[in-house]
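This report refers to the structure that appears directly beneath it.
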Amino acid sequence: MDADNVRMYVCGPTVYDRAHLGNARPVVVFDVLYRLLRHVYGEGQVTYVRNFTDVDDKINARARALQEGGDGRSLNEIIRALTDGTIDWYHADMDALGALRPDVEPRATEFIVQMVAMIEGLVAKGHAYAAEGHVLFDVRSYPDYGKLSGRSVDDMIAGARVEVAPYKRDPMDFVLWKPSSDEEPGWDSPWGRGRPGWHIECSAMAHELLGPAFDIHGGGIDLQFPHHENEIAQSCCAHPDAGFANFWLHNEMVQVEGKKMSKSLGNFFTVRDLLDQGWPGEVIRFVMLSTHYRKPMDWTEEKAREAQKQLGAFWSLVGHSEQKGEIDNAVVEALSDDLNTHKAIARLHHLYTVGDAAALSATLRFLGLVGEDQAVWIDADKAARELLSDYSEALSKARAEAMLNKDFGLVDQMKRMLLNAGAEVRIGKDVVEVLPTVEFDPSKLEALK
RNA sequence: GGCGAGUUGGCGGAGUGGUUACGCAGCGGAUUGCAAAUCCGUGUACAGGAGUUCGAUUCUCCUACUCGCCUCCA
């Protein structure tokens with residue numbers, strides 16, 4: 001809409017717990033988009049907003065449990081502390097994945113005033129009504145309701161899985177505001193003390209921070225309905241001529257070893273779990289980017305291992321050279337084509353194969369595939385190379401002897417040990433080299449006699 | 001019951017109305033004491049059926065299967 005101010009809003013997490021792997025996908029996907037937009041339009045020309053939803057019944061339940069467990073603070077204080085802590089976790093974990101922080105990360109609880117104002121506007125325009133302390137959005141008042149997700153109100157009602165509250169005019173009407181009991185957090189409003197419904201916070205914050213119309217709205221495909229559908233209904237009815245979001249992007253879900261990630265299947269884990277297991281954040285990111293964002297992404301150990309191997313190879317090429325290069329244009333083109341990250345990775349392989357360390361380095365940086373882990377890895381790699389150079393010398397000597405007396409027993413034994421420790425043994429015509437691989441483990445080396 | 005996405009070689013995973021990526025694994029060769037690594041070479045895969053077309057993996061329709069959403073969910 002405005003090349004000097006490209007605006008993007010992405011639905012962020014409800015901060016009640018550690019981010020799981022599924023939470024990480026939109027973060028990584030839209031981080032790539034953010035980086036691309038900054039590259040194309042300029043770093044200062046892009047505004048990226050991603051919210052924290054810090055008012056939610058799951059949070060309330062946790063806070064109440066803490067209170068009942070003896071926490072003497074007020075409910076609001078506990079909630080604030082709880083969500084503060086969860087946000088810190090989120091930042092740490094997403095930073096580890098190489099995701100840039102958005103320009104603005106608004107918290108829902110800091111925009112209650114704007115939500116109330118928007119709801120009042122909707123009531124005034126006849127799109128919402130108060131009933132029994134609730135305020136509900138009247139879906140029948142918005143003819144385009146269901147357009148984004150390709151549903152019709154009638155179809156959905158036919159599905160008959162809608163909870164029908166007696167105060168609703170239509171079963172599909174959704175809550176904009178609901179009353180709070182004394183044990184629940186609440187804010188004063190024209191409809192009494194209460195709290196916002198789930199969807200209104202994004203509409204209010206997007207409007208406040210990006211204006212009535214902006215370029216891109218993103219989030220997980222599971223949010224397409226009802227969350228985004230409801231956002232559209234609210235925002236478009238509140239600001240009928242603005243248009244709200246120009247483009248909607250939805251990432252597909254994450255699976256684990258071919259199955260849906262769920263607590264009941266026991267394949268549920270957080271980003272922190274993976275990091276603690278020793279997977280570098282860049283490897284997790286690399287796995288994410290190897291699948292197009294609109295397809296389900298299957299997390300498997302095998303993919304992670306493969307990603308680590310490939311990234312390790314890239315890093316070892318760029319890590320030991322200080323050349324400054326340009327971001328590869330073919331990668332930018334691939335990303336410009338609906339974020340074809342896998343094609344971009346194929347191009348990285350090409351840069352690696354032709355040995356263009358400078359371009360590879362700049363492009364990896366652009367894609368967020370080098371970070372602290374790379375520095376750590378380079379250090380470890382250097383140390384390992386040093387350690388192995390002694391072994392290399394010894395092996396070289398032993399081999400020279402063996403070449404004369406044709407007894408290769410010792411050479412083979414040394415080789416086995418080195419390979420077993422994850423080293424790579426290269427014996428050429430006259431050169432012997434021993435180099436570490438990503439699997440190198442010095443503790444598996446026994447002292448050479 | 002409603003809505004949607006997908007089904008590509010051993011595996012992962014792009015893409016295209018005709019020339020069929022890329023990575024890993026495999027195979028053949030060079031090399032090697034043997035390997036590893038490297039280099040060179042190598043595989044005509046697009047769920048099934050019908051249709052449109054000179055020609056379809058790519059477009060249309062049908063069928064099968066998988067998955068997701070419809071309820072908190074990224």
Side-chain angles (χ1 to χ4, degrees), chain A residues 10-14 16-17 19-30 50 53 56-59 61 146 148-163 172 198 218-229 250-255 258-263 268 271 286-298 300 302-307 309-310 313 334 337-338 340-350 352-353 399-400 402-409 411-412 415-416 418-419 423-435 437:
Chain A
V10 173
C11 288
T14 301
Y16 65 98
D17 204 356
H20 61 252
L21 189 64
N23 291 307
R25 172 114 104 140
V27 173
V28 170
V29 164
F30 293 108
R50 187 182 61 208
T53 297
D56 170 85
D57 287 344
K58 278 192 288 273
I59 299 171
L148 177 74
S149 53
R151 301 155 198 253
S152 75
V153 174
D154 292 325
D155 283 348
M156 288 185 280
I157 291 169
R161 287 206 192 179
V162 193
E163 180 203 350
M172 292 308 294
W198 173 30
I221 186 71
D222 55 335
L223 294 181
Q224 192 183 50
F225 187 89
H227 184 56
H228 290 160
E229 202 68 73
H250 294 104
N251 61 277
E252 252 291 350
M253 301 288 99
V254 164
Q255 301 183 339
K259 295 203 173 86
K260 182 182 175 170
M261 183 167 78
S262 76
K263 283 179 178 163
F268 182 94
V271 172
F286 194 93
V287 171
M288 292 264 179
L289 297 185
S290 65
T291 302
H292 187 85
Y293 76 95
R294 282 191 284 103
K295 287 197 168 178
M297 193 219 77
D298 194 14
T300 65
E302 197 191 338
K303 276 177 152 178
R305 273 196 300 276
E306 194 172 305
K309 222 166 110 184
Q310 293 177 351
D337 179 13
D338 197 20
N340 194 335
T341 49
H342 195 277
K343 196 172 177 184
I345 288 174
R347 179 66 185 177
L348 293 180
H349 284 290
H350 172 76
Y352 172 74
T353 306
R399 192 217 175 213
M403 289 295 278
L404 296 176
N405 63 24
K406 299 293 168 201
D407 177 7
F408 291 93
V411 174
D412 287 341
K415 218 163 59 183
R416 257 201 310 281
L418 288 164
L419 290 174
E424 180 185 315
V425 180
R426 299 184 189 176
I427 301 178
K429 271 187 196 122
D430 8 63
V431 197
V432 173
E433 272 188 296
V434 184
L435 298 170
T437 70

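Order of the sequence lines fixes the chain letters, A, B, ..., with proteins taken first and strands second; residue numbering starts at 1 for each chain.
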Can you tell me the base-pairing partner of [N]? Count Watson-Crick or G-U wobble geometry only, both distances below 3.5 Å, and say none if there is no partner.
{"N": "B:rA21", "answer": "none"}
{"N": "B:rA14", "answer": "none"}
{"N": "B:rC73", "answer": "none"}
{"N": "B:rA30", "answer": "B:rU38"}
{"N": "B:rC67", "answer": "B:rG4"}
{"N": "B:rU57", "answer": "none"}

Would you say [X] places a side-chain N or O within less than 4.0 Å of OP1 or OP2 belonging to [N]?
{"X": "A:N23", "N": "B:rC73", "result": "no"}
{"X": "A:R399", "N": "B:rG33", "result": "yes"}
{"X": "A:K295", "N": "B:rA14", "result": "yes"}
{"X": "A:K309", "N": "B:rA25", "result": "yes"}

Base, sugar-phosphate or nothing for [X]? Non-hydrogen atoms, less than 4.0 Å.
{"X": "A:L223", "answer": "sugar-phosphate"}
{"X": "A:G22", "answer": "base"}
{"X": "A:H349", "answer": "sugar-phosphate"}
{"X": "A:V254", "answer": "base"}
{"X": "A:T300", "answer": "nothing"}
{"X": "A:R426", "answer": "base"}
{"X": "A:H250", "answer": "nothing"}
{"X": "A:Q255", "answer": "sugar-phosphate"}

For a side chain to side chain donor-acceptor pair (under 3.5 Å) with A:Y293, tell me which candidate from A:N251, A:D338, A:T341 qualifies.
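Filter result, single survivor: A:D338.
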Assess whether one donor atom and one acceptor atom, taken from the side chain of A:D412 and the base of B:rG33, lie less than 3.5 Å apart.
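Yes, a donor-acceptor pair under 3.5 Å.
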Using the [atom1] atom in both, what is the distance from [N] to [M], to the nearest Å?
{"N": "B:rC59", "M": "B:rG15", "atom1": "C1'", "answer": "16 Å"}
{"N": "B:rU7", "M": "B:rU53", "atom1": "P", "answer": "26 Å"}
{"N": "B:rA21", "M": "B:rG43", "atom1": "P", "answer": "10 Å"}

Just jot down the side chain to side chain donor-acceptor pair (under 3.5 Å) partners of A:R305, sequence neighbours excluded, or say none.
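Counting only residues at least two positions away or on another chain, A:R305 forms no side chain to side chain donor-acceptor pair (under 3.5 Å).
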Give the nucleotide from the list B:rG23, B:rG33, B:rG13 with an atom nearest to the side chain of A:K303.
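Closest of the options to the side chain of A:K303: B:rG13.
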Mind checking what makes ring pair (Phe, Tyr, Trp, His ring centres under 6.0 Å) contact with A:H350, not counting sequence neighbours?
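For A:H350 there are no ring pair (Phe, Tyr, Trp, His ring centres under 6.0 Å) partners, ignoring immediate neighbours.
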Measure from NE2 on A:H292 to C1' on B:rG13 and round the result to the nearest Å.
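That distance rounds to 12 Å.
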May I have the distance from A:E229 (atom CD) to B:rU71 (atom P), rounded to whole angstrom?
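It works out to 13 Å between those atoms.
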A:K58/A:D17 ion pair, N-O < 4.0 Å:
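Judged by the 4.0 Å cut-off on N to carboxylate O distance, A:K58 and A:D17 do not form a salt bridge.
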Where the side chain of A:E229 meets the backbone of A:S149, is there a donor-acceptor pair that is under 3.5 Å apart?
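A pair under 3.5 Å: yes.
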Please check: side-chain N/O of A:R25 versus main-chain N/O of A:M253, any donor-acceptor pairing under 3.5 Å?
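Yes, A:R25 side chain to A:M253 backbone: donor-acceptor pair under 3.5 Å.
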